[in-house]
Number of protein chains: 2
Amino acid sequence: MSSAIQQPRRKSFRETQFEVREEAILEATNRLLATRGYEAMSMDEIAADVGVAKGSLYRHFDSKEALAAAVMVRLLRRTRAALADQQPGLPARARLEALLRWTLTERLAGGVPQLPSGSPSLQQALLAHRDYMDELMELSESVGALIRRAKADGELREDLRDEFVLYTLYARSCDPTLDFLKAGGSMSDEEIVDQMVSACLNGVAAGRD
Amino acid sequence: MSSAIQQPRRKSFRETQFEVREEAILEATNRLLATRGYEAMSMDEIAADVGVAKGSLYRHFDSKEALAAAVMVRLLRRTRAALADQQPGLPARARLEALLRWTLTERLAGGVPQLPSGSPSLQQALLAHRDYMDELMELSESVGALIRRAKADGELREDLRDEFVLYTLYARSCDPTLDFLKAGGSMSDEEIVDQMVSACLNGVAAGRD
DNA sequence: GTCTATACTGAGATAGAC
DNA sequence: GTCTATCTCAGTATAGAC
């Protein structure tokens, strides 16, 4: 790793060191946020997990809330990237389905923090967090556009409100059904994702499978 | 209320007083659990809400967890009662749909605590709570039987696992979509319930509405 | 910038008088 | 059994040395 790659402005060792550590902090927080949730997770745990002093965390992030928000922003960015990486030619409904599948897979792999109404205090903090709200707006805009397009294509039910569909897709990523089924152990991750995607699109009632 | 109704063993005034207060505690906790969630809700709040000293709460319930568990048990009992009150002649699928509708309506009315993976610590406590687990088993058995019956009737998809359908129905009662839509304010409670039930059974994709 | 040590707060639980 | 007052502890955040 000591072989220097030539770049316009090389960063100092300490700078990269700082960034590497910050990335480690985000990674650890992400993991804890996914497993234990916001309230249950403590700054002590994060510090211990990263192998850094608790006080040092506050050099990187002003507060626990700010740290959690940073993790959420990272997640939203990854999601938007996944969306942007899709083939542009793909029909809207297929893109929505692929995005849902991507989200569920990520979640089962353990990488997704419990965004939504997990913690009221965090929720409050996020609403005030500029970057987070911006990312969320952007993502919602993109997904909203796909929903409208899919409806126009006749691939989504017209009688369901756009917001309803948006939130429904959004909510699947934190559906406790995933945890229960994974904990049950009788279904593979792949099967869980398949059934979830299928049930979301086609419902649980018989008639068209 | 002072007109005594003749009964085999009349309870003393203090006994009924005690029970009335306990009911009030459960009611307040239920409300707080529904609005703020387990972690965010404090024993001080509950005490203040009921108009009782915090210490007195511990004469009724050993701990915060025990109190929350009691509320959950009450909810499960109410749910089982709602199920038992259905017309026995009703087809299985119709009964499942009605139960889902009942649950969602209750939730939107503000009466249902966030049961599921809301709090890991509470989750842990509930697993160890005898009454709660018993009630949960009973309810799951009843609903599971309905699911199998509905499948036999050709009214539910055979390719979805029983557990998957069970948890999916269960999860709808705590779906954050409900909160988002209610907060949005552009849909009536009735419309929210209708779309939720319909989407759960028939999915969001076009093809059979 | 990172460490150790500590201040401060909120909240669950208990003690003891009445 | 209910009250007031208190204990205890976890956890966020900060101070100060290096």
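Throughout, a chain's letter reflects where its sequence line sits, starting with A, and its residues are numbered from 1. It should be emphasised that the depicted structure is a prediction, and the values quoted were computed from it without experimental measurement.
Taking atom CD on Q17(B) and atom P on dC3(D), their separation rounds to 11 Å, with Å as the unit. In this entry the distance linking CD1 of I46(B) with P of dG10(C) reads 18 Å, nearest Å. Counting to the nearest Å, the P atom of dT12(D) and the CG atom of L57(A) are 10 Å from each other.
Other residues, nucleotides and ligands place no more than 12 heavy atoms under 6.0 Å from the CG atom of D62(B). Other residues, nucleotides and ligands place more than 12 heavy atoms under 6.0 Å from the CD atom of Q86(B). More than 12 heavy atoms of other residues, nucleotides or ligands shown are found within 6.0 angstrom of CD on E191(A).
Remark: E97(B) engages R93(B) in a salt bridge (Lys or Arg N to Asp or Glu O under 4.0 Å) (not counting sequence neighbours).
Note on H60(A): every side-chain N or O is 4.0 Å or more away from OP1 and OP2 of dG1(C).
In this structure, the side chains of D194(B) and R101(B) come closer than 4.5 Å at one or more pairs of heavy atoms.
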(request) Take nucleotides 12-18 of chain C nucleotide by nucleotide from the 5' end and write B, S or -, depending on whether a protein heavy atom sits under 4.0 Å from the base, only from the sugar-phosphate, or from neither. (result) BBB----
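No hydrogens or angles considered: a donor-acceptor pair under 3.5 Å links the side chains of S198(B) and R157(A).
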